[in-house]
Protein chains: 2
Amino acid sequence: MSIPAQKPGTDSAMPPASAAGLPAHELIYRQLREQILFGEIAPGEAVTIQGLCLRLGAGMTPVREAIRRLIAEGALQFQGNRRVTVPQLQPSHVGEIIYARQWLESHLALRATQNAQASDLAQLALIDQRLDQAIARGELHAYLRHNYLFHATIYSLADAPVLANMAEGLWLRFGPSLRVMIGRIGTQNQPDKHKDLLACMRTGDAEGAARAMREDMLQGMEQIRHILESPGQRG
Amino acid sequence: MSIPAQKPGTDSAMPPASAAGLPAHELIYRQLREQILFGEIAPGEAVTIQGLCLRLGAGMTPVREAIRRLIAEGALQFQGNRRVTVPQLQPSHVGEIIYARQWLESHLALRATQNAQASDLAQLALIDQRLDQAIARGELHAYLRHNYLFHATIYSLADAPVLANMAEGLWLRFGPSLRVMIGRIGTQNQPDKHKDLLACMRTGDAEGAARAMREDMLQGMEQIRHILESPGQRG
DNA sequence: GGCCCAAGAATATGATCAAATGTCTGCTTG
DNA sequence: CAAGCAGACATTTGATCATATTCTTGGGCC
């Protein structure tokens, strides 16, 4: 996704308010994206433009633009006759996503290992530590957010904007189902390969990092596939 | 307010235009997409909302939605200060796209071979025949369109919507530069592997089809990379 | 050369029009 | 007489437009 370029403003003091100065459609896009990835909106749920206008207290135009953008990214789908919903992930789609993430994420991890500075590794370790906290406390929202942040940080380290963009796009597709899966199984039963991955990155073992990333991804995706194929689809 | 809207049973004069009934933002999106892929708008060129409103004779809202969508797909980029342009492809991006298309297109060709019916193969052969005509006549526009159509048809045959979507998204990124490249080199010097690919598909040799597709892609992308790295970037 | 002002373009709002869905009523039929 | 279906209506929602507002930018003036 495109992080808007440095504010061409005159001053140097960028206030910590992250939401300052950005256009409304950008803010709405981010809010909706968050809610789809981590939050309130479940797979299969329908969203209405006017409902969002009320919920977010915004006008129609920015909401419409944000929705178009999310549809283009696959986070929402146009359900034929004017109805927009969060897509239900199909088991066959999981297979496609696994195939794509295998070569995307492993390559991104490889390149990130080659580029990573000590400060980057420290930041990743911090994120992973917070992730462990969220697991221990069973905090669903924090778990999802930090897990995503861990991967997204590696994407940005890879210095491969096109591939990173593709990988982030895939998160929007399986993210909602990931949330359902974790919500049902719990954060406790989520072993990850982040420690292995970080160890490889520290020693510069790019191939090993790629392998760890691939295994980490596979673990999660197979659980999603299992949930989707089991009876008792969401209600 | 209570004017009973006559049910559209009073048809009689339904224009055969295929573009009928679709919302304006969808039509504008398609027009812009065409123009970026095959047509008038060159890499680096800036597009203004109001300019498009005049050129396409549409209101602002549909134009804005179409632009957001194209930005999300990477066909346009948000140039910081409220300026929207067609991105200039960087040589490093070409490397990323090659890496992605290797996996994507070969897999899609493999699956398409497994799914293809005789009628599908006939349609592909027809497209390729028209492509050869365009090459022989040096028709740039027809060449680009049929080349894209050939690949897009294979994507749709693969029955893998997520991967096909990713592959089509990549076309929007290198399409404009492909047009520049062909425009400079000419259609004559564009050997393709389409005949090999079709032969493999006819015999059910999925692996061979994947290999041919990969080689076809590599030929084109390397030429794009060469053009980008050569002096005299277009202006 | 720097600052102010004006023009133009993008953002955002609300209103208006059209279409679709869901409901309600009345008629027909078993 | 009750139940089911059909047709119209009303409400909800999406699509589009005209307009106000803000921000950038370029030129003119001091």
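Just so it is clear, the model here is predicted, and its values are computed rather than measured. Numbers restart at 1 for each chain; the letters A, B, ... are given by sequence-line order, proteins then strands.
Here C:dA9 presents its C1' atom at 12 Å from CD1 of B:Ile67, a figure rounded to the nearest Å. When rounded to the nearest whole Å, the span between CD of B:Glu26 and C1' of D:dA15 equals 13 Å. Atom pair A:His25:NE2 and D:dC23:P shows a separation of 14 Å (rounding to whole Å applied).
For the pair A:Arg68 and D:dA15, the criterion of a side-chain N or O lying under 4.0 Å from OP1 or OP2 is met.
Applying the side chain to side chain donor-acceptor pair (under 3.5 Å) rule to A:Gln223 yields the partners A:Gln190; only residues at least two apart in sequence or on another chain are considered. Listed by chain and number, the residues in a side chain to side chain donor-acceptor pair (under 3.5 Å) with A:Glu96 amount to none (sequence neighbours excluded). Under the side chain to side chain donor-acceptor pair (under 3.5 Å) criterion, B:Trp171 pairs with B:Tyr155, not counting sequence neighbours.
Contact check of residues 49-65 of chain A against DNA chain C (heavy atom, cut-off under 4.0 Å) returns A:Gly59, A:Met60, A:Thr61, A:Pro62.
Pairs passing the salt bridge (charged side-chain N to carboxylate O under 4.0 Å, His left out) check and including a residue from residues 141-153 of chain B, sequence neighbours excluded, read B:Glu34-B:Arg145. Within the structure, the side-chain hydrogen bond (donor to acceptor under 3.5 Å, both in side chains) test picks out the following pairs touching residues 45-61 of chain B (sequence neighbours left out): B:Gln35-B:Arg55.
Residues A:Asp120 and A:Asn115 form no side-chain contact, since every pair of their non-hydrogen atoms from C-beta on lies 4.5 Å or further apart.
Between B:Arg83 and A:Thr48, the residue whose closest nucleotide on DNA chain D is further toward the 5' end is A:Thr48.
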